[in-house]
Amino acid sequence: MQRAWPERPGRRPRAGSNVEPVGVDGPGRHVVLVGAMGVGKTTVGRRLARELQRPFADTDEQLELRAGRTIPAIFRDDGEEAFRRLESDVLAELLGAAHPLVVAAGGGAVTRPENRALLGRRAFVVWLRASSAFLAARADPTHRPLLAGDPDVAATLERLIAARTPLYEEVADATVDVESFDAGDDKPKRALARHIARLVGIPAEAPG
Ligand code: S3P
């Protein structure tokens with residue numbers, strides 16, 4: 001039986017977006033990408049899912065589908081706490097899937113202790129790390145309420161990164177410096193996905 005995790009409304013479904021619940025103990029742990037807004041978790045996660053031949057899910061997309069509203073609308077109408085509760089529910093549901101997934105977690109998912117505990121139990125966590133200057137050039141504020149209308153996105157990112165770095169460190173089984181890939185490869189996202197596939201392939205998939 002195939003169960004689809006649909007993409008955002010209006011988006012074309014992409015390869016690697018189906019989840020197949022196959023029992024309680026699937027082989028291998030979930031792989032979860034964490035890191036700040038704009039670091040490329042979703043793009044790299046989709047590629048990684050293809051590399052590992054696993055389904056892919058993005059917590060932000062899943063949350064919007066379940067809520068039937070966009071993230072900016074949830075922040076605006078119900079506030080950040082309500083968003084965080086939904087985010088925790090989505091993360092728990094995804095990491096409860098029997099079949100191992102690749103999951104891109106929203107940048108702030110690590111702020112809740114129960115999410116960090118769950119990540120520790122259920123996932124091989126890869127922290128995609130980059131500087132605020134690098135991220136400020138890439139993070140589109142349009143769909144990101146914590147950045148929207150901000151006259152100094154780099155400063156806000158810097159503050160968020162400073163507050164969250166210990167949390168990313170706490171959950172990370174591996175850390176990847178995204179900027180070095182961006183500088184060294186003409187297809188950095190592909191190179192990054194392949195690098196992570198090699199990283200997680202050893203501890204997560206090797207027999208014994
Ligand atoms: C957030 C990151 C966003 C999204 C929300 C809040 C954060 O996800 O969950 O806007 O607190 O850092 P991305 O990291 O995928 O942009």
Side-chain angles (χ1 to χ4, degrees), residues 8 11 31-48 56-64 67 69-88 90-91 102-113 115-116 119 125-196 199:
R8 274 187 179 143
R11 285 203 182 178
V31 175
V32 179
L33 303 184
V34 300
M37 294 179 270
V39 79
K41 296 176 299 271
T42 304
T43 312
V44 172
R46 280 203 174 90
R47 286 181 175 278
L48 178 64
F56 171 76
D58 176 285
T59 59
D60 289 340
E61 290 179 355
Q62 294 301 321
L63 188 152
E64 289 189 331
R69 288 183 293 161
T70 64
I71 289 172
I74 296 168
F75 267 75
R76 187 192 60 227
D77 299 341
D78 301 341
E80 181 169 350
E81 263 314 294
F83 167 80
R84 295 292 169 205
R85 279 194 295 276
L86 289 170
E87 183 175 55
S88 292
V90 166
L91 190 68
V102 172
V103 175
V110 293
T111 57
R112 287 197 140 200
N115 295 349
R116 298 199 299 279
L119 288 167
V125 179
V126 182
W127 175 22
L128 301 186
R129 185 169 60 186
S131 69
S132 55
F134 178 89
L135 295 167
R138 286 162 179 78
D140 176 5
T142 322
H143 302 292
R144 291 183 166 109
L146 296 180
L147 302 179
D150 191 329
D152 194 345
V153 167
T156 302
L157 283 166
E158 180 69 48
R159 187 176 47 75
L160 286 172
I161 291 168
R164 293 172 178 177
T165 288
L167 309 178
Y168 292 132
E169 278 170 353
E170 181 186 321
V171 296
D173 294 296
T175 301
V176 177
D177 277 309
V178 170
E179 287 172 66
S180 61
F181 282 85
D182 217 66
D185 198 290
D186 62 338
K187 293 209 169 24
K189 298 265 166 63
R190 187 186 63 184
L192 205 45
R194 287 185 177 164
H195 175 73
I196 299 169
L199 265 180

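Computed from a predicted model, the values in this text were never measured in an experiment. Only heavy atoms go into these numbers, but all of them, side chains included; no hydrogens, no water, no symmetry mates.
- Screening residues 186-195 for salt bridge (charged side-chain N to carboxylate O under 4.0 Å, His left out), with sequence neighbours left out, gives Glu51-Arg194.
- The heavy-atom pair separating Val102 from Gly45 by the smallest distance is CG1-O, 3.6 Å.
- The side-chain contact (heavy atoms from CB on, under 4.5 Å) with Leu128 is formed by just one residue from the set Ile196, Thr175, Val34; it is Ile196.
- Using a distance-only test at 3.5 Å, with no hydrogens or angles considered, no donor-acceptor pair links the side chain of Tyr168 to the main chain of Ile161.
- How far CZ of Arg76 is from OG1 of Thr70: 6.5 Å, rounded to the nearest 0.5 Å.
- A distance of 6.0 Å separates CG of Leu135 from CG of Leu157, quoted to the nearest 0.5 Å.
- Below 30°, between 30° and 60°, or above 60°: for Phe75 and Phe83 the angle between ring planes is between 30° and 60°, a tilted geometry.
- Proximity of a side-chain donor or acceptor of Glu64 to a complementary backbone N or O of Ile71 within less than 3.5 Å is detected.
- Side-chain N or O atoms of Lys41 include none that pairs as donor or acceptor with a backbone N or O of Val103 at under 3.5 Å.
- Between the side chain of Thr59 and the backbone N or O of Gly106, at least one donor-acceptor pair lies under 3.5 Å.
- From Thr43, atom OG1 reaches atom CG of Leu48 across 12.0 Å, with rounding to the nearest 0.5 Å.
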Does the pair Phe181 and Val176 meet the rule for a side chain to side chain contact (heavy atoms under 4.5 Å, CB included), with working shown?
CA-CA 9 Å; Phe181 282 85; Val176 177; 3.7 Å; yes

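- Separating the OG1 atom in Thr156 from the CG atom in Leu146 is a distance of 9.0 Å, to the nearest 0.5 Å.
- Taking CZ of Arg69 as the reference point, atom CG of Asp77 lies at 5.5 Å (rounded to 0.5 Å).
- The salt bridge (charged side-chain N to carboxylate O under 4.0 Å, His left out) analysis of residues 164-182, with sequence neighbours excluded, yields the pairs Arg116-Glu170, Arg129-Asp177, Arg138-Asp182.
- Between the side chain of Arg144 and the main chain of Asp140, a donor-acceptor pair closer than 3.5 Å is present.
- Between Val32 and Val171 there is no side-chain heavy-atom pair separated by less than 4.5 Å.
- Scanning all heavy atoms of the two residues, the minimum distance from Pro145 to Pro72 falls at CG-CA, 4.1 Å.
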Arg112 vs Leu91, side chain to side chain contact (heavy atoms under 4.5 Å, CB included): CA-CA, chis, key distance, verdict
CA-CA 11 Å; Arg112 287 197 140 200; Leu91 190 68; over 6 Å; no

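- Rounding to the nearest 0.5 Å places CG of Asn115 at 9.0 Å from CZ of Arg84.
- Heavy atoms only, all atoms of each residue included: Asp58 and Asp60 are closest at OD1-N, 2.9 Å.
- Between Ala162 and Pro166 the shortest heavy-atom distance is O-CD, 3.6 Å.
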